[in-house]
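To start, the structure under review is shown below, and the notes come after it.
As the structure lists them, so they are numbered: ligands from 1, and atoms in each ligand from 1. Starting from 1, each residue takes its place in the sequence as its number.
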Amino acid sequence: MQRYDMFIDGESRKPAGGEWFPTDNPYVGAPWAEIAKGGEQDVDDAVTAAHRALHTGPWAELTASARGALMRRLGDAIAADARRLAELEVRDNGKLFTEMFGQVSYVPQWFHYYGGLADKIEGTVPPMDKKGYFAYTKKEPVGVVAVITPWNSPLMLLAWKIAPALAAGCTVVIKPSEFTSASTVELVRLFHEAGLPPGVVNVVTGFGKDVGAALVGHPLVRKITFTGSDATGRHINEAAARDFKHVSLELGGKSPNIVFADADLEAAVNGAVSGIFAATGQTCIAGSRLLVQESVHDEIVGKVVDLARTARMGDPMDEHTQVGPITTPAQYAKVLDYVAIAQQEGADLALGGRAAARPECGSGWFVEPTVFTGVRNSMRIAQEEVFGPVLAVIPFKDEDEAVTLANDSRYGLGAGVWTSDIGRALRMADRIRSGTVWVNTYRAVSYLAPFGGFKDSGIGRENGISAINAYVEEKSVWINTGAPTGNPFVLR
Ligand code: NAI
Ligand code: MG
């Protein structure tokens, strides 16, 4: 079995505790590699290296333009190896090769875009209101950043965090998900082959309660950026608050995908299916609540069920496969639990609702695409994130009711609106409380467009120019150009 070590201070590093743990291939339902089990000592080594690289040595001395040029080379290095990295991700998280290759091939754009931004992080010269003073502002790297990532899209979500962090001049310590660490270790190795100085990007693999908690609590870490569950996000936020650390949190959702009777119904059906069955529903932006206007409810449900019924399951490496396995045994159990909960709550099962026993699914952790109708928005199946291929369909009468249902959620990450009425599209976009609203499309992301959550879906935005602000401290510098020093006992 292949063994993955950590990467600290520019070199491959064995865990101080001398232990490795297995990581599974969800399609086979068995381990395929071993990952270094990091602990407090490894975290301290990595943070110390990152802190040193932040203040001394080649990274600290690079001009912003040179930093940007280096970042563009990192992007090129990823592009050159995208196929191998995507294959690693598929082996480790079971998502489709077509999806992961698409994502990994897109990742270089984050390094090109934020590399381009590295020398445009400008300060200001405020027009002073006091005579005899000149002031300017500058933006400095916030410090060592702890980057904690989940298993569903390991490298893409990592890029969303480390590209702006590096552009801002920060150094980072990454803690990838214990379920999908291999691609991150390989990426960091690639970065060093491409000329990244030691200590700038470090990776400590292991478990959340050991490595994650130690990173969050480390006194030299100034910022934590996290994507994952709201439970862990809350924990991190509380721990970070004790030491006044900066946090960015992206915590998933229960996103409404809203179909009006005036929509292009074929497109809406495609959007509904892509919202919940693409990526086997294991995505923070899953359109897990399908809100359908009453007059087209039965037609939409019929078409969604027909399309989902024919989805091909099986080997995620096969380009014809449409629905792959669930990444972890715990997640597999959780998805099946929610199916049982929905049935106890009185929802009607219109499709699926069980583990897939198809021969092409082998011994992998597959759940049949599942559709529940007759769902009330107060049910747990409509309020809690399942993170699997389970759709809850809820009918609505009119625009007002659609808005009320959409916003009756503690989450607010994404929303889809399907309509041919531009006025309605704009009204809905105004009224829905979520970080992203897609009109007549779903599940689109870009390095250019800010992404993040309202309410329990998180704190802060990733992507776009303003994401850089999450990785800088702004400083004001005041210079007396001739103002009298005067009375020392009053504010100047
Ligand atoms: P998680 O939120 O526990 O894990 C995410 C990352 O946080 C992993 O790297 C993990 O090791 C780390 N972590 C865990 N405990 C930590 C702690 N105390 N301090 C610091 N880091 C810690 O999520 P998990 O267990 O992988 O999945 C559970 C649920 O989370 C899923 O069922 C799904 O609902 C949700 N989820 C949401 C994602 C999103 O994109 N928003 C991604 C993955 C999962
Ligand atoms: Mg795995």
Side-chain angles (χ1 to χ4, degrees), residues 2 4 21-35 37-38 43 88-95 146-154 156-158 160-161 173-184 203-218 221 224-240 245 247 249-255 279-286 288 316 325-335 337-338 364-365 384-388 390 411 413-414 435 445 451-453 456-458 462:
Q2 196 149 344
Y4 287 87
F21 62 95
T23 186
D24 296 322
N25 175 339
Y27 172 53
V28 180
W32 71 276
E34 286 186 324
I35 306 293
K37 184 171 180 293
V43 167
L88 264 184
E89 301 225 293
V90 175
R91 205 166 302 142
D92 225 0
N93 77 358
K95 280 171 79 172
V147 176
I148 302 176
T149 53
W151 39 262
N152 52 334
S153 298
M156 189 177 76
L157 297 175
L158 178 66
W160 293 15
K161 301 177 187 318
V173 179
I174 307 163
K175 207 301 274 177
S177 167
E178 56 272 37
F179 303 111
T180 56
S181 303
S183 62
T184 300
V203 51
V204 182
T205 51
F207 294 91
K209 63 175 174 34
D210 312 327
V211 176
L215 253 183
V216 171
H218 197 290
V221 166
I224 300 124
T225 173
F226 169 83
T227 297
S229 65
D230 50 337
T232 300
R234 178 170 281 116
H235 200 77
I236 288 174
N237 201 24
E238 285 171 358
K245 290 174 181 171
V247 292
L249 305 169
E250 197 272 89
L251 309 175
K254 195 72 198 179
S255 299
T280 319
Q282 298 173 112
T283 155
C284 49
I285 48 179
S288 49
I326 305 286
T327 300
T328 76
Q331 189 61 29
Y332 177 68
K334 176 177 166 183
V335 173
D337 274 354
Y338 269 105
W365 304 310
E384 298 173 17
E385 183 176 56
V386 177
F387 223 68
V390 180
Y411 294 110
L413 191 62
V445 295
F451 178 89
D456 288 10
S457 290
E462 304 189 279

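Put simply, the side chain of Glu462 never gets that close to the backbone of Phe451: no donor and acceptor are under 3.5 Å apart. Within the 3.5 Å criterion, the main-chain N or O of Gln282 finds no donor-acceptor partner in the side chain of Thr280. The closest donor-acceptor contact from the side chain of Lys95 to the backbone of Asn152 lies under 3.5 Å. Judged purely by atom type and a 3.5 angstrom limit, Lys245 has no side-chain atom pairing as donor or acceptor with the backbone of Ile224.
For atom 25 (O) of ligand 1, the nearest protein heavy atom is 4.0 Å or more away. Distance check for atom 4 (O) of ligand 1: every protein heavy atom is found at 4.0 Å or beyond.
Screening Thr327, Val28, Asp24 for a side-chain contact (heavy atoms from CB on, under 4.5 Å) involving Trp365 leaves a single residue, Asp24. Partner of Val216 under the side-chain contact (heavy atoms from CB on, under 4.5 Å) criterion, out of Val43, Asn237, Ile148, Val247: Ile148 alone. A side-chain contact (heavy atoms from CB on, under 4.5 Å) with Thr23 is found for exactly one of Thr180, Asp92, Thr328, namely Asp92.
Nearest protein heavy-atom neighbour of atom 39 (C) of ligand 1: Cys284 CB, 3.5 Å. Annotation: atom 16 (C) of ligand 1 to nearest protein heavy atom, Thr232 CG2, 3.4 Å. Of all protein heavy atoms, the one closest to atom 7 (O) of ligand 1 is Phe226 CE1, 3.2 Å. Distance from atom 38 (C) of ligand 1 to its nearest protein heavy atom, with residue and atom name: Phe387 CZ, 3.4 Å.
Under 3.5 Å, the side chains of Lys161 and Thr227 contain a donor-acceptor pair of N or O atoms.
Of all atoms in ligand 1, numbered sequentially from 1 with element shown, those under 4.0 Å from a heavy atom of Gln331 are 31 (C), 32 (O). Less than 4.0 angstrom separates some heavy atom of Gly252 from each of these atoms of ligand 1: 41 (N). Every atom of ligand 1 with a heavy atom of Leu251 under 4.0 Å away is listed here by number and element: 41 (N). For ligand 1 and Glu250, the ligand atoms under 4.0 Å from any heavy atom of the residue are 41 (N). Distances below 4.0 Å separate heavy atoms of Pro150 from the following atoms of ligand 1: 42 (C), 43 (C). Short contacts between ligand 1 and Ala213, defined as distances under 4.0 Å to a heavy atom of the residue, involve ligand atoms 19 (N), 20 (C). Close contacts of ligand 1 with Ile148, meaning ligand atoms under 4.0 Å from a residue heavy atom, involve 6 (C), 7 (O), 9 (O), 12 (C), 20 (C), 21 (N). Taking a cut-off of under 4.0 Å to the non-hydrogen atoms of Lys175, the atoms of ligand 1 that pass are 8 (C), 9 (O), 10 (C), 11 (O).
Here the closest non-hydrogen pair linking Pro176 and Thr149 is CA-OG1, 3.2 Å. When all heavy atoms of Pro26 and Arg91 are compared, the pair lying nearest together is CD-O, 3.4 Å.
Remark: at the Mg ion (ligand 2), atom OG1 from Thr23 and atom O from Phe179 enclose 70°, rounded to the nearest 10 degrees.
Checked against a 3.5 angstrom limit, the closest N/O atoms of Trp151 and ligand 1 fall inside it. Between Gly228 and ligand 1, at least one N/O pair is under 3.5 Å apart.
By the criterion of a heavy-atom distance under 4.0 Å, the backbone of Pro176, and not its side chain, is placed next to ligand 1. Counting heavy atoms under 4.0 Å from ligand 1, residue Gln282 does not touch it at all. Only the backbone of Thr149 comes within contact range of ligand 1, with a heavy atom under 4.0 Å; no side-chain atom does.
Aromatic rings of Trp151 and Phe387 (six-membered ring for Trp) have centroids within the 6.0 Å cut-off, being under it.
Relative orientation of the Phe21 and Phe207 rings is tilted, given thresholds of 30° and 60° on the angle between their planes.
If you look at Asp24 and ask which of its N, O or S atoms sits nearest the Mg ion (ligand 2), the answer is O.
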